[in-house]
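This report concerns only the one structure given below.
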Amino acid sequence: MVDAASFVEEAVAEIRAAVGDGRAVIALSGGVDSSTAAGLAYRALGDRLVPVYVDTGLMREGETESIRETFDYMESLRVVDAADRFLDALAGVTDPEEKRAVIGEGFIREFERVAREVDADHLVQGTIYPDRIESEGNIKSHHNVGGLPDAVDFEGIVEPVRDLYKDEVREVARELGLESVVSERMPFPGPGLAVRIVGEVTREKVAVARSATTVVEDELAGLEPWQAFAAVLGKATGVKGDNRVHGWVVAVRSVESRDGMTARAQEVPWETLQRIQSRITGENPDVARVVYDVTHKPPATIEYE
Ligand code: XMP
């Protein structure tokens with residue numbers, strides 16, 4: 001990227017050319033990539049852009065409210081409550097790539113529905129360069145690239161930040177005047193909390209992952225990690241009063257990275273880890289253990305699935 005101001009100018013022109021005098025929908029996730037793509041597309045298309053936020057039931061705490069606040073100047077914003085549809089479709093699915101496919105398919109169907117309602121023929125996406133590399137290399141099929149169902153019912157897909165790394169996307173976000181809570185935000189995966197739950201996604205595990213992730217983000221924000229979150233791994237024994245119980249094992253992960261393609265597990269002070277542990281077990285009586293993940297990427301990935 002040469003500089004953010006010229007990038008914005010070129011991207012706006014590219015979006016205008018691609019969409020012509022049609023209308024586009026953009027999938028907002030609350031993350032910096034899709035927010036930046038939305039900012040660019042809004043500049044290019046104004047009211048002919050319909051930003052769509054799909055609440056998949058797999059989002060972070062307070063996401064829906066925060067999206068409404070951040071994008072309240074875009075009058076065409078649509079918020080779709082699809083939590084039950086996604087969580088029902090995920091019942092019984094344990095394979096990580098199948099989860100991504102189910103979620104990818106769900107997303108596209110929701111967008112298509114809104115697109116038909118508002119008569120949009122284009123889809124704008126916040127895919128960035130590392131997403132494409134990892135998808136092409138078959139490391140995993142990111143929902144916003146490789147996991148798309150074959151029959152996508154749009155005339156065209158526009159990906160204005162497809163050649164940028166995350167730090168460049170943040171520069172563009174600042175150039176667009178997006179609030180710093182958005183431009184400096186930790187990345188959040190498209191499939192949401194589903195990739196922070198090992199095995200089947202259930203409402204109970206989602207609730208644990210969500211509440212524990214809020215604690216971890218809150219406690220570790222000061223260390224400025226690339227990403228910090230909690231994942232639900234499975235069950236193990238613990239004690240409650242005089243009884244042995246079988247409760248959730250929650251992993252805490254905090255990593256430093258430039259682009260997400262490699263990462264280092266962060267050194268976190270013991271007192272902070274203990275505070276995280278006591279908040280997570282205090283707020284979630286069904287959590288029996290909290291562990292800290294010390295693995296770099298490689299050999300691990302950042303997310304758990
Ligand atoms: P991994 O877990 O592959 O993550 O080391 C690298 C970066 O990509 C994010 N991630 C995803 N983003 N769809 C996305 O849009 C996905 O399926 C997905 N899986 C991982 C992850 O949060 C990290 O920033």
Side-chain angles (χ1 to χ4, degrees), residues 55-63 83-84 86-100 102-103 186-189 191-223 225-256 263-305:
D55 180 357
T56 58
L58 300 164
M59 309 307 287
R60 282 176 286 192
E61 213 151 86
E63 195 74 71
D84 283 336
F86 277 84
L87 294 173
D88 290 348
L90 283 166
V93 180
T94 53
D95 177 75
E97 288 307 286
E98 207 184 321
K99 279 187 196 175
R100 282 193 170 79
V102 168
I103 294 167
M186 287 179 208
F188 187 64
L193 298 172
V195 291
R196 298 179 177 175
I197 289 169
V198 174
E200 187 184 2
V201 175
T202 63
R203 286 169 170 79
E204 188 189 354
K205 288 194 215 172
V206 170
V208 173
R210 179 179 291 128
S211 122
T213 287
T214 305
V215 172
V216 174
E217 283 194 359
D218 178 38
E219 291 288 345
L220 297 184
L223 296 180
W226 161 268
Q227 268 172 294
F229 60 87
V232 177
L233 305 189
K235 284 201 162 182
T237 53
V239 276
K240 214 184 253 180
D242 294 334
N243 298 320
R244 280 165 80 86
V245 292
H246 207 210
W248 298 112
V249 180
V250 168
V252 174
R253 184 125 174 87
S254 187
V255 297
E256 292 163 346
R264 289 191 66 77
Q266 260 192 325
E267 272 189 43
V268 179
W270 178 251
E271 302 72 48
T272 312
L273 288 173
Q274 279 303 329
R275 207 165 45 241
I276 289 173
Q277 177 277 124
S278 97
R279 281 183 63 185
I280 292 176
T281 52
E283 290 172 21
N284 299 274
D286 294 330
V287 172
R289 276 163 210 251
V290 176
V291 299
Y292 186 65
D293 187 339
V294 297
T295 327
H296 305 314
K297 174 183 179 177
T301 53
I302 296 176
E303 307 290 348
Y304 275 76
E305 293 231 309

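Every heavy atom of this structure was used, including side-chain atoms; hydrogens, water molecules and symmetry mates were not.
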Task: Nearest heavy atoms of Ala209 and Val232, plus distance in Å - done: N-CG2, 3.7 Å

- [ ] Determine yes or no for a side-chain-to-main-chain donor-acceptor pair under 3.5 angstrom, with Arg100 supplying the side chain and Glu305 the backbone.
- [x] yes

Open item on the list: Which residues pass the side-chain hydrogen bond (donor to acceptor under 3.5 Å, both in side chains) test with Gln227, not counting sequence neighbours?
Closed with: Glu303

TODO: For Asp95, enumerate each residue passing the side-chain hydrogen bond (donor to acceptor under 3.5 Å, both in side chains) test, keeping only those at least two apart in sequence or located in another chain.
DONE: none

Task: Interatomic distance, Leu220 atom CG to Met186 atom CE [nearest 0.5 angstrom] - done: 7.0 Å

TODO: Check whether any side-chain heavy atom of Lys240 lies under 4.5 Å from a side-chain heavy atom of Pro285, and answer yes or no.
DONE: yes

Open item on the list: So Phe229 and Arg60, do their side chains get closer than 4.5 Å, heavy atoms only?
Closed with: no

Task: Side-chain (Lys99) to main-chain (Glu200) donor-acceptor, under 3.5 angstrom - done: no

- [ ] Please name the pair of heavy atoms, one in Leu87 and one in Leu58, separated by the smallest distance, quoted to 0.1 Å.
- [x] CD2-CD2, 3.9 Å

TODO: List the steps, then state whether salt bridge (Lys or Arg N to Asp or Glu O under 4.0 Å) holds for Asp286 with Lys205.
DONE: CA-CA 10 Å; Asp286 294 330; Lys205 288 194 215 172; over 6 Å; no

Task: Rounded distance (nearest 0.5 Å) linking atom CD of Glu256 with atom NE2 of His296 - done: 9.5 Å

Open item on the list: How close do Glu283 and Ser211 get, counting heavy atoms only, and between which atoms?
Closed with: OE1-OG, 4.0 Å

TODO: Please tell me if the side chains of Val206 and Arg203 come closer than 4.5 Å, counting only heavy atoms from C-beta onward.
DONE: no

TODO: Report yes if some heavy atom in the side chain of Trp248 is under 4.5 Å from a heavy atom in the side chain of Thr281; otherwise report no.
DONE: no

- [ ] Can you see which heavy atom on Ala263 is nearest to which on Val255, and at what distance?
- [x] CB-CB, 4.0 Å

Open item on the list: Which heavy atom of Ala288 sits nearest to which heavy atom of Ala236, and what is that distance?
Closed with: CB-O, 3.7 Å

Task: Sidechain-backbone polar pair: Thr213 side chain, Ala230 backbone, donor-acceptor under 3.5 Å - done: yes

Task: Of all pairs that satisfy salt bridge (Lys or Arg N to Asp or Glu O under 4.0 Å), the ones with a partner from residues 264-273, not counting sequence neighbours - done: none

Open item on the list: Please check: side-chain N/O of Arg210 versus main-chain N/O of Gly57, any donor-acceptor pairing under 3.5 Å?
Closed with: yes

- [ ] Report the distance from atom CD1 of Ile302 to atom CZ of Arg196, rounding to the nearest 0.5 Å.
- [x] 9.5 Å

Open item on the list: If you compare all heavy atoms of Gln266 against all heavy atoms of Leu223, which two are closest, and at what distance to 0.1 Å?
Closed with: NE2-O, 3.1 Å

Task: Between OH on residue Tyr304 and CG on residue Asp293, distance to nearest 0.5 Å - done: 3.0 Å

Open item on the list: Glu219 vs Val268, test: side-chain contact (heavy atoms from CB on, under 4.5 Å). Steps then yes/no.
Closed with: CA-CA 10 Å; Glu219 291 288 345; Val268 179; over 6 Å; no

Task: Straight-line distance of Thr237 OG1 to Asn243 CG, nearest 0.5 Å - done: 13.0 Å

Open item on the list: Please report the interatomic distance CG(Asp218) to CZ(Arg279), rounded to the nearest 0.5 Å.
Closed with: 4.5 Å

- [ ] Identify which one of Val287, Thr202, Ile280 satisfies the side chain to side chain contact (heavy atoms under 4.5 Å, CB included) criterion when paired with Val208.
- [x] Val287

